[in-house]
Amino acid sequence: MTATRTLSKYWMLTNEFTQNPYPVLEHVRRESPVRELAFPDGGRAFVVTRYEDAKAALADPRLSRDIHVHYRLMSERTGRAMTPPPEEANHLANLEPPRHTPLRRAISFAFTPRRAEALRPRVEVIADTLLDALPTGAEADLIEGYADPLPVITIAELMGVPADSWPDFLRWSAALRTYSPTDGSGALDRNIRELSAYMAELIARKEREPGEDLLSALIHADDERRLTSTEILSTGFALMTGGNDTTASLVGGVLAALLTHPAERERLMTEPGRWTKSMDELIRYVGPISNALQRVTTEPVELGGVTIPAGEVVVICVMSTNRDTGQFPDRPDELDLERPKPAHLSFGHGIHYCSGAHLAKVITEIAARRLFERFPSTRLAVDPSRLEYAQNVVVRPLKALPVLLRP
């Protein structure tokens with residue numbers, strides 16, 4: 001990569017970038033670490049690529065995650081009034097203080113690492129059930145049959161969804177994940193309505209008959225931490241959409257990394273205590289999150305020597321920060337289970353740090369460990385160069401992970 005390379009104004013939206021973003025990001029970090037990106041609709045964003053700038057941006061209150069600020073900007077740019085649906089407008093990721101603060105307090109009380117750890121036995125059962133359904137000795141797709149459904153079912157169980165409703169959740173999750181803006185069938189609105197109606201009915205049921213689940217904990221919290229029904233619905237909706245996508249991307253990426261790094265896989269399998277210590281390096285290397293959820297500047301902000309005007313979209317490229325030599329000076333493009341303090345930004349930073357980060361790590365560890373415990377001789381069914389990534393503005397999921405499962 002040379003400094004004279006010319007990039008398209010749509011540089012982050014190309015298939016070449018989707019498949020192998022790191023050479024381009026290395027160039028951008030060096031030459032223009034806060035760089036404009038054009039969108040086909042005529043809009044633009046400022047992309048932040050260096051670790052220190054990104055960490056500062058994630059914690060800067062002038063870069064707003066308030067979804068109402070985003071919709072006002074879209075309304076101004078399109079010339080038509082737009083308002084966010086209630087399913088999106090009332091959860092942590094889409095709010096700022098003061099509304100964000102009581103929500104964060106309530107979610108942090110209910111959605112604890114202890115609750116995530118308590119799910120380990122059930123996650124193992126779910127993982128084994130999914131593995132049982134995959135063909136052995138023949139080609140199997142670990143994305144469709146394993147990485148995608150595992151977090152959907154786990155999060156459904158976390159929320160107290162009965163097992164007979166899991167097929168619906170798998171269907172809704174797949175529909176939302178594969179939706180195309182060019183689809184004029186109304187499928188997206190239909191699936192959102194179905195999921196929203198189900199969640200509303202489930203919340204009502206948990207009000208009458210609480211259980212040992214996350215929704216019940218939120219519904220029956222003390223007055224100081226109690227959320228409204230709309231806030232609980234929005235939180236459940238966020239878990240079933242964003243939570244599933246990010247964790248599925250992480251699981252698929254880690255499985256691919258371990259399939260292509262046999263020495264590291266062997267070390268983890270022979271030293272089980274290393275899984276927890278190594279998970280952050282696996283996440284840093286895999287880069288399951290392409291970009292943090294977009295921010296909008298509420299006043300001019302200087303980042304990386306660039307003054308971004310008020311009312312601009314800011315994209316914080318966390319997968320770029322994971323390979324920044326300013327933060328990871330020693331071979332950042334390599335997987336190193338001994339790397340000291342791999343403090344990545346994949347789960348965010350500041351008040352919007354992901355509440356489900358611990359659960360995502362638990363699911364990923366169990367998914368990888370159970371696969372290679374049961375099928376230690378599993379190998380890729382294609383050359384690694386043939387693995388393809390799906391284009392997505394937030395996550396970086398593999399389209400498929402074809403393997404030959406072997407005991």
Side-chain angles (χ1 to χ4, degrees), residues 91-93 100-129 150-163 166 169 199 202-203 205-207 209-227 231-248 250-251 254 268 272-283 288-289 341-370:
H91 64 76
L92 280 179
H100 177 277
T101 305
L103 273 168
R104 183 79 193 192
R105 187 186 306 119
I107 298 298
S108 297
F109 180 77
F111 199 3
T112 60
R114 181 178 179 181
R115 188 180 294 275
E117 287 293 329
L119 278 172
R120 277 184 179 271
R122 285 298 303 152
V123 178
E124 292 205 3
V125 170
I126 296 165
D128 281 337
T129 301
L150 180 58
V152 176
I153 296 173
T154 300
I155 291 173
E157 177 141 323
L158 171 73
M159 294 193 298
V161 176
W166 292 352
F169 271 72
M199 291 298 299
L202 181 64
I203 290 167
R205 193 187 319 159
K206 297 294 180 183
E207 288 177 346
E209 304 168 6
E212 298 297 322
D213 54 77
L214 178 64
L215 286 185
S216 295
L218 292 173
I219 293 165
H220 296 278
D222 57 42
D223 290 342
E224 183 181 341
R225 299 185 178 91
R226 186 167 298 159
L227 305 182
E231 289 168 342
I232 295 171
L233 170 64
S234 190
T235 298
F237 202 88
L239 285 170
M240 281 304 305
T241 52
N244 286 337
D245 284 354
T246 53
T247 308
L250 173 58
V251 172
V254 166
L268 288 168
R274 292 205 60 85
W275 280 104
T276 300
K277 299 175 185 176
S278 301
M279 189 53 64
D280 280 312
E281 170 62 5
L282 284 164
I283 295 168
I289 312 298
K341 296 183 179 179
H344 59 83
L345 299 175
S346 292
F347 292 123
H349 173 69
I351 65 170
H352 287 292
Y353 183 81
C354 176
S355 300
H358 193 85
L359 179 60
K361 292 179 182 181
V362 168
I363 293 172
T364 302
E365 175 196 327
I366 291 172
R369 180 169 51 77
R370 289 305 294 149

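Bear in mind the structure is a predicted one, so any value in this text is a computation, not a measurement.
- With rounding to the nearest 0.5 Å, the separation of CD in Glu207 from CG in Leu215 is 10.5 Å.
- Taking CD1 of Ile219 as the reference point, atom CG of Leu202 lies at 7.5 Å (rounded to 0.5 Å).
- Under a 3.5 Å cut-off, the side chain of Lys206 and the backbone N or O of Gly160 do form a donor-acceptor pair.
- Taking 4.5 Å as the limit, some side-chain heavy atom of Ile107 sits within range of a side-chain heavy atom of Leu218.
- Sorted by first then second residue, the salt bridge (charged side-chain N to carboxylate O under 4.0 Å, His left out) pairs that include residues 350-362, not counting sequence neighbours, are Asp280-Lys361.
- Across all non-hydrogen atoms, the minimal contact from Ala217 to Arg115 is CB-NH2, 3.5 Å.
- For the side chain to side chain contact (heavy atoms under 4.5 Å, CB included) test, residues two or more places apart in sequence or in another chain that qualify with Pro210 are Ser216, His220.
- At least one side-chain heavy atom of Arg205 sits less than 4.5 Å from a side-chain heavy atom of Pro162.
- Counting only residues at least two apart or on different chains, no side chain to side chain donor-acceptor pair (under 3.5 Å) pair has a member in residues 100-111.
- Distance CD1/Ile363 to CD1/Ile366: 8.0 Å, rounded to 0.5 Å.
- Atom CG in Leu214 sits 8.5 Å away from atom OG1 in Thr235 (nearest 0.5 Å).
- Between the CH2 atom in Trp166 and the CD1 atom in Ile155 there is a gap of 13.0 Å [rounded to 0.5 Å].
- Listed here is the closest heavy atom pair of Asn244 and Val152: OD1-CA, 3.4 Å.
- Between Arg226 and Asp223, the shortest heavy-atom contact is NH1-OD1, 3.2 Å.
- With hydrogens and angles disregarded, no donor-acceptor distance shorter than 3.5 Å links the side chain of Asp245 to the backbone of Ala248.
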Output a table of donor-acceptor pairs, distance under 3.5 Å, between side-chain atoms of residues 350-360 and any protein atom two or more places apart or on a different chain; print 'none' if there are none.
{"residue": "His352", "atom": "NE2", "partner": "Leu95", "partner atom": "O", "Å": "3.4"}
{"residue": "His352", "atom": "NE2", "partner": "Glu96", "partner atom": "OE2", "Å": "3.4"}
{"residue": "His358", "atom": "NE2", "partner": "Glu117", "partner atom": "OE2", "Å": "2.7"}

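- By the 4.5 Å heavy-atom criterion applied to side chains, Ile283 and Thr364 are not counted as neighbours.
- How far CG of Leu119 is from CD of Glu157: 6.5 Å, rounded to the nearest 0.5 Å.
- When the side chain to side chain contact (heavy atoms under 4.5 Å, CB included) test is applied to Ala238, the partners found at least two apart in sequence or on another chain are His91.
- Looking at residues two or more places apart in sequence or on another chain, you find a side chain to side chain contact (heavy atoms under 4.5 Å, CB included) between Leu268 and Leu258, Arg274, Trp275, Ser278, Leu282, Leu337.
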